[in-house]
2 protein chains.
Amino acid sequence: MRSARPRGAPPRGEAAPAGRRTDNVTGGRAGRRPVTSAAELERHALLIFEERGFEATTVDDVAAAAGIGRRTFFRYYASKNDVVWGEFDAHLETMRAALAATSPDVPVITALRRAILDFNTYPVAETDSHRRRMALILRTPALQAHSTLRYARWRAVVAEFVAARTGRDEGALEPQAVAWAFLGVAVAGYEEWLAHAGAELIPILDRALGLLVDGLDRSL
Amino acid sequence: MRSARPRGAPPRGEAAPAGRRTDNVTGGRAGRRPVTSAAELERHALLIFEERGFEATTVDDVAAAAGIGRRTFFRYYASKNDVVWGEFDAHLETMRAALAATSPDVPVITALRRAILDFNTYPVAETDSHRRRMALILRTPALQAHSTLRYARWRAVVAEFVAARTGRDEGALEPQAVAWAFLGVAVAGYEEWLAHAGAELIPILDRALGLLVDGLDRSL
DNA sequence: CCATCTGTGGCACTCGGTGTCATAGATGGG
DNA sequence: CCCATCTATGACACCGAGTGCCACAGATGG
């Protein structure tokens, strides 16, 4: 089932109140105010994606549900794929900062292990939505593929830290290999989490990271 | 610069000789003979991709260069992305078989290390083309993304072996984590290889795999 | 009232990918 | 030699993601 509405049909917003001269919503900035927000758009999108499936949902559908035009959708998100990633980039900056602020006394591997667990620690209230979001990403081929590009930024953060701490170039084999390896076991941890209904993410992730830290040979 | 030719314009083949009744090219099978081959198509495609860039090349361009119709292109390859992977799947089956045939005396990690090095050992005559192919894959965002789906099959082979050897389920955390980790360091190895002009792949890969095998802590 | 600024969305276009169908070209058999 | 049959080709029409362009909406301060 596809959107019946043709490309340029009339969308309809929730008719937000828009009295003249400042609803003091604007920060004093000139220009028309955005009709929606990235977060609001994401909310609508995730609902439809879960309901109909990612592939079966068109950008038209999402835009219509959010009451905006298709063209406008692409001003909030560069692609349909990008909608599902939420605050990832901002969140990643937090991890970068945390790593940078780590005491040099803490071993590299330990620091990474902690940082990664922190990065993946969400308020309990968000557990369910986090789980649903990750299920979408990890089980939709198009999103799996796209995720590589997001993961690359994550790996860059890890590699940067390893490079700084071991006096190597960020592009060198060791930092990159470590970043790849940590990414890998973390994703494997996520898959394990998703495969088991009531499971807790953090212990699983810790176990996955432990496989690396303790050495694969000793873990098998 | 894009292909100027509209969707359905006339392509032109090399006018292959086609005498009636068997050029004994056919294996006795009925039906029209294919006008080209996947390998031939790949050859044309890689040339254009390297010349103009992957993104800037349209499927029309490739089809035209190969003297076939656009529609026919998609009968040889399911997508533009798939063209660059050559014999990957067949090659992967070789690795699966090699792993399956490994003596139980060889430790899991050692067996994997050997299998992965074998998998990535190419005849010297192909070194250059292999390098160019991998550069294309690892440096083109669209192909980076798509590669995830190929790597998934690779990981499945590794995980299957680990699972069989350690008596675990293939989907369990350990086999999946090991597969992910090995994939990661291997890709890091490839990136290192590509970053250094005259470098040899196998020693670099071996070094990358060694980081995992010896334990990351001891390697930093 | 107006100049200015930002956001919106309609439109047309490109390109990857797919379903359908007529046709080309090979086969073996009568 | 013609024909039934089989496979491959390619034209065509269509869908959906993504983009450039541009007129217009709606907020601002002067």
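Labels below follow one simple rule: chain letters A, B, ... track the order of the sequence lines, proteins then strands, and each chain is numbered from 1.
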query: In chain order, what residues pass the ring pair (Phe, Tyr, Trp, His ring centres under 6.0 Å) check against A/Phe49, with sequence neighbours excluded?
result: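 For A/Phe49 the ring pair (Phe, Tyr, Trp, His ring centres under 6.0 Å) partners, ignoring immediate neighbours, are A/Phe54.
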field: Strand-adjacent residues in residues 77-90 of chain A, judged by heavy atoms under 4.0 Å from DNA chain C
entry: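 DNA chain C contact set from residues 77-90 of chain A: none.
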message: For C/dG19, does the base pair up with any side-chain atom of B/Arg71 as donor and acceptor (N or O, under 3.5 Å, distance only)?
response: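 Checked by distance alone, the answer is yes.
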Residue pairs passing the side chain to side chain donor-acceptor pair (under 3.5 Å) test where at least one lies in residues 191-206 of chain B, sequence neighbours excluded: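 For residues 191-206 of chain B, and leaving out neighbouring residues, the side chain to side chain donor-acceptor pair (under 3.5 Å) pairs sorted by first residue read B/Arg113-B/Asp206.
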- request: Scan for side chain to side chain donor-acceptor pair (under 3.5 Å) pairs involving residues 138-147 of chain A, sequence neighbours excluded, and state none if there are none.
  value: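 Applying side chain to side chain donor-acceptor pair (under 3.5 Å) to every pair that reaches into residues 138-147 of chain A, excluding sequence neighbours, yields A/Asp82-A/His146.
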In whole angstroms, how far is the [atom2] atom of [N] from the [atom1] atom of [X]?
X: A/Glu55; N: C/dG17; atom1: CD; atom2: P; result: 12 Å
X: A/Arg70; N: C/dG9; atom1: CZ; atom2: P; result: 13 Å
X: B/Leu41; N: D/dA8; atom1: CG; atom2: C1'; result: 14 Å
X: B/Arg29; N: D/dT5; atom1: CZ; atom2: P; result: 19 Å
X: A/Arg33; N: C/dT4; atom1: CZ; atom2: P; result: 22 Å

message: Which residues pass the side chain to side chain contact (heavy atoms under 4.5 Å, CB included) test with B/Ala156, not counting sequence neighbours?
response: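 Testing B/Ala156 for side chain to side chain contact (heavy atoms under 4.5 Å, CB included), a comparison that skips the adjacent residues, returns B/Glu170.
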- request: State which of D/dG26, D/dA17, C/dG16 makes the closest approach to the side chain of A/Arg32.
  value: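 It is D/dG26.
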A/Glu87: partners by side-chain hydrogen bond (donor to acceptor under 3.5 Å, both in side chains), with sequence neighbours left out: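 Per chain and number, A/Glu87 pairs via side-chain hydrogen bond (donor to acceptor under 3.5 Å, both in side chains) with no residue.
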- prompt: Looking at the rings of A/His91 and A/Tyr122, which for Trp means the six-membered one, are their centres under 6.0 Å apart?
  reply: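 Yes, the ring centres sit under 6.0 Å apart.
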